[in-house]
Protein chains: 2
Amino acid sequence: MKRLAEDDVVRYADMFTAMGTEPRLRIMRLLLSAHPDGLVVGEIQAELRMSASTLSHHLDKLKNEELVGVAREGTYLRYTANTDALRQLLSFLYAECCTRNRAIRPESIVRVCK
Amino acid sequence: MKRLAEDDVVRYADMFTAMGTEPRLRIMRLLLSAHPDGLVVGEIQAELRMSASTLSHHLDKLKNEELVGVAREGTYLRYTANTDALRQLLSFLYAECCTRNRAIRPESIVRVCK
DNA sequence: TCTATAGTTCTATGATAACAGAACTATAGA
DNA sequence: TCTATAGTTCTGTTATCATAGAACTATAGA
């Protein structure tokens with residue numbers, strides 16, 4: 001209960017970078033839209049119109065940061081958003097802004113009553 | 001009520017990139033800790049131990065993405081976290097994960113009851 | 001005006017990233 | 001085994017980024 005943020009700064013920075021380009025952020029959005037089924041590479045390519053090799057590199061980067069997972073289905077490869085990693089990233093940002101520091105009011109982000 | 005995310009993808013990607021290095025993420029964390037007062041450049045430098053010119057470049061990048069603001073105080077320059085931009089970024093990520101898509105349960109991020 | 005202090009901008013270098021055509025690998029089906 | 005399809009990896013080019021010493025700018029005070 002001390003490594004909540006301090007030691008993981010580098011990891012979260014890498015995750016931010018992984019989502020820090022338009023193509024990759026669009027990929028993440030697309031995979032989130034298709035969650036939990038995910039999408040096959042060809043479907044992503046058809047939607048986002050980029051060369052196969054470029055797309056493959058972006059997917060590789062997202063996979064390295066564990067923001068997406070991949071599973072083979074015959075000749076297809078199906079990519080899915082890793083919601084667990086995203087939840088951690090979102091929690092980190094939320095904590096930095098709203099709880100560890102009181103810079104932002106939680107109610108301005110979300111109104112949950114569970 | 002349509003440009004909530006679609007058109008701003010590039011901007012949010014740039015914001016993610018701005019926070020996507022360890023030095024800059026540490027700067028943001030530091031400024032959030034010091035919010036709303038912020039910190040003078042020398043104080044940031046003393047805390048994070050980097051050369052003045054390198055720090056200045058990082059601050060410039062954060063300023064370009066409007067993640068921080070700056071105001072002169074005599075010979076000092078005081079930087080502050082731009083909570084409005086951070087709130088937008090957090091809201092974007094929250095929306096993508098929790099509302100626009102239901103990939104992540106809001107309760108797993110935050111328990112707010114206002 | 002002269003000096004000291006705070007920070008930025010200039011200049012340069014090495015490292016990393018984005019992109020995409022070409023070649024390669026993996027799987028399914030004939 | 002041969003072929004077609006789906007993606008990845010190889011190769012190379014171009015561009016951007018991180019870093020920091022040196023030079024410069026801005027402000028306050030004597």
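The chains referred to below are lettered A, B, ... by the order of the sequence lines, with proteins before strands, and numbering in each begins at 1.
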Exercise: identify the closest heavy-atom pair between [X] and [Y]:
| X | Y | result |
| --- | --- | --- |
| Val41(A) | Tyr79(A) | CG2-CE1, 3.4 Å |
| Leu67(B) | Met28(B) | O-CE, 3.5 Å |
| Leu93(B) | Met19(A) | CD1-CE, 3.8 Å |
| Ser33(A) | Arg100(B) | OG-NH2, 3.2 Å |
| Ala81(A) | Leu32(A) | CB-CD2, 3.9 Å |
| Gly38(B) | Arg78(B) | O-NH1, 3.2 Å |

Does Glu22(B) have any salt bridge (Lys or Arg N to Asp or Glu O under 4.0 Å) partners at least two apart in sequence or in another chain, and if so, which?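 Glu22(B) satisfies salt bridge (Lys or Arg N to Asp or Glu O under 4.0 Å) with Arg26(B) once adjacent residues are dropped.
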Paired stems touching DNA chain C, three or more consecutive Watson-Crick or G-U pairs with both distances under 3.5 Å?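 Stem list for DNA chain C: C:1-30 with D:1-30.
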Determine, using the 4.5 Å side-chain heavy-atom cutoff (strictly less than), whether Leu62(A) and Tyr76(A) are members of one ILVMFWY cluster.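 No, separate clusters.
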Are Leu30(A) and Val40(A) in one and the same hydrophobic cluster, where Ile, Leu, Val, Met, Phe, Trp and Tyr link if side-chain heavy atoms are under 4.5 Å apart?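 No.
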Taking heavy atoms of chain A and a 4.0 Å limit, find me the 5'-most and 3'-most nucleotide of DNA chain C within that range.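 Under 4.0 Å from chain A, the extent on DNA chain C is dA17(C) to dA28(C).
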Check this for me, if you would: do Arg11(B) and Asp14(B) make a salt bridge, where the nitrogen-to-carboxylate-oxygen distance has to be below 4.0 angstrom?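 Answer for the salt bridge query: no.
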Residues from [range] sitting under 4.0 Å of DNA chain C, heavy atoms only?
| range | value |
| --- | --- |
| residues 53-63 of chain B | Ser53(B), Ser56(B), His57(B) |
| residues 68-78 of chain B | Thr75(B), Tyr76(B), Leu77(B) |
| residues 33-42 of chain B | Val40(B), Val41(B), Gly42(B) |

In whole angstrom, give the distance that lies between atom CG of Asp14(A) and atom P of dC17(D).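 In whole Å, dC17(D) P lies 17 Å from Asp14(A) CG.
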Side chains of Ile44(B) and Leu59(B), heavy atoms from C-beta outward: is any pair under 4.5 Å?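 Of all side-chain heavy-atom pairs linking Leu59(B) with Ile44(B), at least one is under 4.5 Å.
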Decide yes or no for Cys98(A) and Leu90(B): does some side-chain heavy atom of the first lie under 4.5 Å from some side-chain heavy atom of the second?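 A side-chain contact exists here, since the closest heavy-atom pair is under 4.5 Å.
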Heavy-atom count check: over 12 atoms from other residues, nucleotides or ligands less than 6.0 Å from Arg72(A) CZ?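 Counting neighbours around CZ of Arg72(A), more than 12 heavy atoms of other residues, nucleotides or ligands fall under 6.0 Å, so yes.
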N/O donor-acceptor pair under 3.5 Å between Asn101(B) side chain and Glu96(B) backbone: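 Side chain of Asn101(B) to backbone of Glu96(B): a pair is present.
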Do any N or O atoms from the side chain of Ser56(A) and from the backbone of Ala52(A) form a donor-acceptor pair under 3.5 angstrom?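 Such a contact is absent between Ser56(A) side chain and Ala52(A) backbone.
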